[in-house]
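Read through the structure below, which is laid out as structure tokens, and then see the notes.
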Amino acid sequence: MSNSYHPGLENVIASETGISYLDVEKEEIVVRGYDLIELAQQVTYLDVAGLLLEGVLPNENERSSFEERIKDEYGLTSNICSILRLLPEQANLMDVLRTGISALASYDDELEDRSKEANTRKAIRLLAKVPQIVANGYQAKTKQTFVEPRKDLSYSANFLYMITGQVPSKMEEDIFDQSLIVYSEHEMPNSTFAARVIASTQSDLYGALTGAVASLKGTLHGGANEAVMEMLLEAGSEGNLETLMLSKLARKERIMGFGHRVYMKKADPRALLMKDALAALSLEKNQPELYTMCVVGEEVMKREKNLHPNLDYYAAPVYYLLGIPIELFTPVFLAARTIGVSSHVMEQHANNRLFRPRVLYTGPRNLHP
């Protein structure tokens, strides 16, 4: 057995996959053979969801049928709604989401069926219901009336509508859909790895996704988009942001939204896409200062630390301008990633080997009572 130790499993190949790959040198996120950024610019989130599930990009008729299958699964049972209402007001919304997804498992008659066909149907149910848990979980916490899904809206427009209570404009719908695409899949981050480890025991899709939620709640994985927005609001202006960032750096504080374990020397291509989206949306909303402030922050981090922005840095102000409450930023991230995680779980079930790593022991030996 090799005693080579890689803290954080950095650069350790843990799985073979045909789902996605981060080609840092070519600055490309490969998803089933396609460039994720090109997909985000040319197709919809449901096209990408279909691609992730089936391995091929759906044509228009297939995409329409796929969307109808999802819409047929819209709605939460009264019991799930009651569970969301019973959770305390101080509950973290990622905990609310984790609880809601876990509870869904008990209502799925195919829970223990690991076949590709059954897992596909479960993934479709999750695509339909996770956005509603996100939205209704927030409404339960804030004592608001639940916003029910609308089948006459597109998938992404409905998701945004359930959160804000307002039908989005075409620009808002398109930008939100694009954001869901770039959050949908990203090779092997901690949450996806956690889900695959759980799935390797032959646990079910809901259990694996619940584990992914727990992983994404951690501030070193999810939550960066929320921290970015809080920093931008605290600063309030370009000059104040530079001062705030410099003071944080002087105190050796980590500034969220910059750097990435994989994108160490080059920019996250998803961030560049959301930067363009923020430029357009900030003009549409007559709040150009938010975009210019973010550009200043990017320049500060490049100059001071030679760090590039990651997706969360520009997705945060985009979500803010779309009217999404800050504490929902990470739950929305998970909702978008649901399809990617589901695809990895299905791949793990199809060609499984139980994850069972070893350790490099550093404790004492030969002790006696």
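Using a cut-off of 4.0 Å between Lys/Arg side-chain N and Asp/Glu carboxylate O, Glu73 and Lys71 are scored as not salt-bridged. The residues Arg69 and Asp72 are annotated as not salt-bridged, no charged nitrogen and carboxylate oxygen being separated by less than 4.0 angstrom. The pair Arg303-Glu242 counts as a salt bridge, with a side-chain nitrogen and a carboxylate oxygen less than 4.0 angstrom apart. Under the 4.0 Å criterion applied to side-chain N and carboxylate O atoms, Lys151 and Glu68 are not assigned as salt-bridge partners. Salt-bridge formation is detected for the pair Lys141/Glu327: a Lys NZ or Arg NE/NH1/NH2 atom is positioned less than 4.0 Å from an Asp or Glu carboxylate oxygen.
By the 30° and 60° cut-offs, the orientation of the rings of Phe333 relative to His221 is perpendicular. Ring planes of Tyr314 and Tyr291: tilted class, angle from 30 to 60°.
Ser342 places a side-chain N or O within donor-acceptor distance of the main-chain N or O of Thr338, the cut-off being under 3.5 Å. Under the 3.5 Å distance criterion, the side-chain polar atoms of Glu172 are left unmatched by any main-chain donor or acceptor of Ala157. The main-chain N or O of Thr44 is found under 3.5 Å from a side-chain atom of Asp47 such that the two form a donor-acceptor pair. Between the Ser20 side chain and the Glu187 main chain, a donor and an acceptor come within less than 3.5 Å of each other. Not a single donor-acceptor pair under 3.5 Å links the side chain of Lys248 to the backbone N or O of Ile255. Lys122 places a side-chain N or O within donor-acceptor distance of the main-chain N or O of Glu110, the cut-off being under 3.5 Å. Judged by distance alone, the side chain of Lys116 and the main-chain N or O of Ala350 form no donor-acceptor pair under 3.5 Å. Distance alone, capped at 3.5 Å, is enough to place a donor-acceptor pair between the Asn352 side chain and the Ser200 backbone. Counting only distance, with no hydrogens or angles, the side chain of Asn158 and the backbone of Arg150 share a donor-acceptor pair below 3.5 Å. Checked by atom type and distance alone, the side chain of Lys217 never pairs as donor or acceptor with a backbone atom of Gly222 at under 3.5 Å.
His344 places none of its side-chain heavy atoms less than 4.5 Å from the side chain of Ile339. At least one side-chain heavy atom of Leu278 sits under 4.5 Å from a side-chain heavy atom of Leu321. Tyr107 places none of its side-chain heavy atoms less than 4.5 Å from the side chain of Arg125. Using a 4.5 Å heavy-atom threshold, the side chains of Phe159 and Val332 count as touching. Contact of the Thr292 side chain with the Glu289 side chain is registered, since non-hydrogen atoms from C-beta on lie closer than 4.5 Å. Residues Met171 and Ile175 form a side-chain contact, since some pair of their non-hydrogen atoms from C-beta on lies under 4.5 Å apart. The closest side-chain heavy-atom distance from Met293 to Leu232 is below 4.5 Å. Contact annotation: the side chain of Val130 approaches that of Leu97 to within less than 4.5 Å [non-hydrogen atoms, C-beta and beyond].
Pairs engaging residues 45-70 under the ring pair (Phe, Tyr, Trp, His ring centres under 6.0 Å) rule: Tyr45-Tyr155 [sequence neighbours left out].
In the hydrophobic clustering of this structure, Leu87 does not group with Val147; members are Ile, Leu, Val, Met, Phe, Trp, Tyr whose side-chain heavy atoms approach within less than 4.5 Å, directly or through other members. Linking ILVMFWY side-chain heavy atoms closer than 4.5 Å, directly or via other members, places Tyr34 and Val56 in two distinct hydrophobic clusters. With hydrophobic clusters built from ILVMFWY side chains whose heavy atoms lie under 4.5 angstrom apart, Leu76 shares a cluster with Tyr206.
Looking at Leu93, Ile324, Leu216 one by one, the single match for side chain to side chain contact (heavy atoms under 4.5 Å, CB included) with Pro331 turns out to be Leu93.
Other residues, nucleotides and ligands place no more than 12 heavy atoms under 6.0 Å from the CD atom of Gln166. Environment of CD1 in Ile13: sparse, with no more than 12 heavy atoms of neighbouring residues, nucleotides or ligands closer than 6.0 Å.
Partners of Thr164 by side chain to side chain donor-acceptor pair (under 3.5 Å), not counting sequence neighbours: none found.
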